[in-house]
Engineer: 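Here you go, one structure.
Every heavy atom of this structure was used, including side-chain atoms; hydrogens, water molecules and symmetry mates were not. Worth saying up front: this structure is predicted, and the values here are computed from it rather than measured.
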Amino acid sequence: MSAAPKSGWPSVVAMPHLEVSHGKDSIMRGLARVMAIAIGVATCSVSAMAEEKIPFSNDGSKIEWTGTKDDGKHVGGFGKFDGHVVMAGNEPKLLHVDIDTSSIYSDNDKLTSHLKSPDFFHVGKHPKATFTSTSITKGGEGKATHTINGKLTMLGKTQEVQLPAMVTDTEGQFALQSQFTINRSKHGIDYGQGKIHEAVPMSINVRAKH
């Protein structure tokens, strides 16, 4: 039998190390890409798993306000609201609150009815107020553990507000307390200008279990 043709052999024999080296480089680059993708997917999965959405509990949660004027003041709050906090590990990442404006109350029945009218909250047209955080950072004024920046929408008008907050999360019990001030005229509540003060102190105390 005749010998097998030897065409093609010289190039392989002449540069064996170069061909193998190129093959190894290609394989290593491929493995690096696969590992990078796998690490990225794993990191995203861990981050997603670490976040927890916790609804507020009605037990112990309060939203209160104080309306002031030169010759006195009235206090009140909102009886119905709900919301949630998103936790990333032990840190709050997002806060959202929905307030039923028709649940507003005060220390005077006649005033409560007036507050629901078009002069103030116009609850028939604007039944809900909302707050959604845009950032939550550690530290703040006074004894605040965190500073919460967000957008408050009332009567169809949205304004940015900042909440210095005391936040705790111990043994599955989340609590947030904050005292801050809003300007009612920026939301279109202009009744009694010059008699009723524009600044309205607010107090929020919400609790959640997880």
Engineer: What residues form a salt bridge (charged side-chain N to carboxylate O under 4.0 Å, His left out) with Lys69, not counting sequence neighbours?
Structural biologist: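 Lys69: no salt bridge (charged side-chain N to carboxylate O under 4.0 Å, His left out) contacts found.
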
Engineer: For His187 and Lys157, indicate whether the former's side chain and the latter's backbone hold a donor-acceptor pair under 3.5 Å.
Structural biologist: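 Yes; at least one donor-acceptor contact below 3.5 Å.
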
Engineer: Would you be so kind as to tabulate the donor-acceptor pairs closer than 3.5 Å made by side chains of residues 171-180, with sequence neighbours excluded?
Structural biologist:
{"residue": "Ser178", "atom": "OG", "partner": "Pro164", "partner atom": "O", "Å": "2.9"}

Engineer: Mind checking the OG1-CE spacing from Thr130 to Met154? Nearest 0.5 Å is all I need.
Structural biologist: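 It comes to 10.0 Å.
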
Engineer: Just distance, no hydrogens or angles: give the donor-acceptor pairs under 3.5 Å from side chains in residues 70-89, sequence neighbours left out.
Structural biologist:
{"residue": "Asp70", "atom": "OD1", "partner": "His197", "partner atom": "NE2", "Å": "2.9"}
{"residue": "His74", "atom": "ND1", "partner": "Asp107", "partner atom": "OD1", "Å": "2.8"}

Engineer: With a 3.5 Å distance limit and no angle check, can you tell me whether Arg184 reaches the backbone of Gly67 through a side-chain donor-acceptor pair?
Structural biologist: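 Side chain of Arg184 to backbone of Gly67, a donor-acceptor pair under 3.5 Å: no, none is there.
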
Engineer: What distance do Ile104 atom CD1 and Leu111 atom CG have between them, rounded to the nearest 0.5 Å?
Structural biologist: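 The distance works out to 8.0 Å.
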
Engineer: Does the Thr134 side chain pair with the main chain of Asn149, one donor and one acceptor, at a distance under 3.5 Å?
Structural biologist: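 Yes: the side chain of Thr134 pairs with the backbone of Asn149.
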
Engineer: Among residues at least two apart in sequence or on other chains, which ones pass side-chain hydrogen bond (donor to acceptor under 3.5 Å, both in side chains) with Asp59?
Structural biologist: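 Result, side-chain hydrogen bond (donor to acceptor under 3.5 Å, both in side chains) vs Asp59: none returned.
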
Engineer: For Tyr105, does its backbone N or O pair with a side-chain atom of Thr112 as donor and acceptor, under 3.5 Å?
Structural biologist: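 No: the side chain of Thr112 does not pair with the backbone of Tyr105.
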
Engineer: Taking the six-membered ring for Trp and the single ring otherwise, decide whether the centroids of Phe120 and His114 are under 6.0 Å apart.
Structural biologist: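 Under 6.0 Å, so yes.
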
Engineer: To the nearest 0.5 Å, how far apart are CG in Leu94 and OG in Ser135?
Structural biologist: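 Here the interatomic distance stands at 10.5 Å.
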
Engineer: Locate the shortest heavy-atom distance separating Ser185 from Asn183; write the atom from each residue and the value.
Structural biologist: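 Of all heavy-atom pairs spanning Ser185 and Asn183, the closest is OG-OD1, 2.6 Å.
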
Engineer: If a pair satisfies side-chain hydrogen bond (donor to acceptor under 3.5 Å, both in side chains) and one of its residues is in residues 200-210, list it, with sequence neighbours excluded.
Structural biologist: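 Every pair satisfying side-chain hydrogen bond (donor to acceptor under 3.5 Å, both in side chains) with a residue in residues 200-210: Glu52-His210, Asp169-His210.
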
Engineer: How would you list, by chain and number, every residue that makes a side-chain hydrogen bond (donor to acceptor under 3.5 Å, both in side chains) with Ser102, sequence neighbours excluded?
Structural biologist: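 Ser102 satisfies side-chain hydrogen bond (donor to acceptor under 3.5 Å, both in side chains) with Asp100 once adjacent residues are dropped.
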
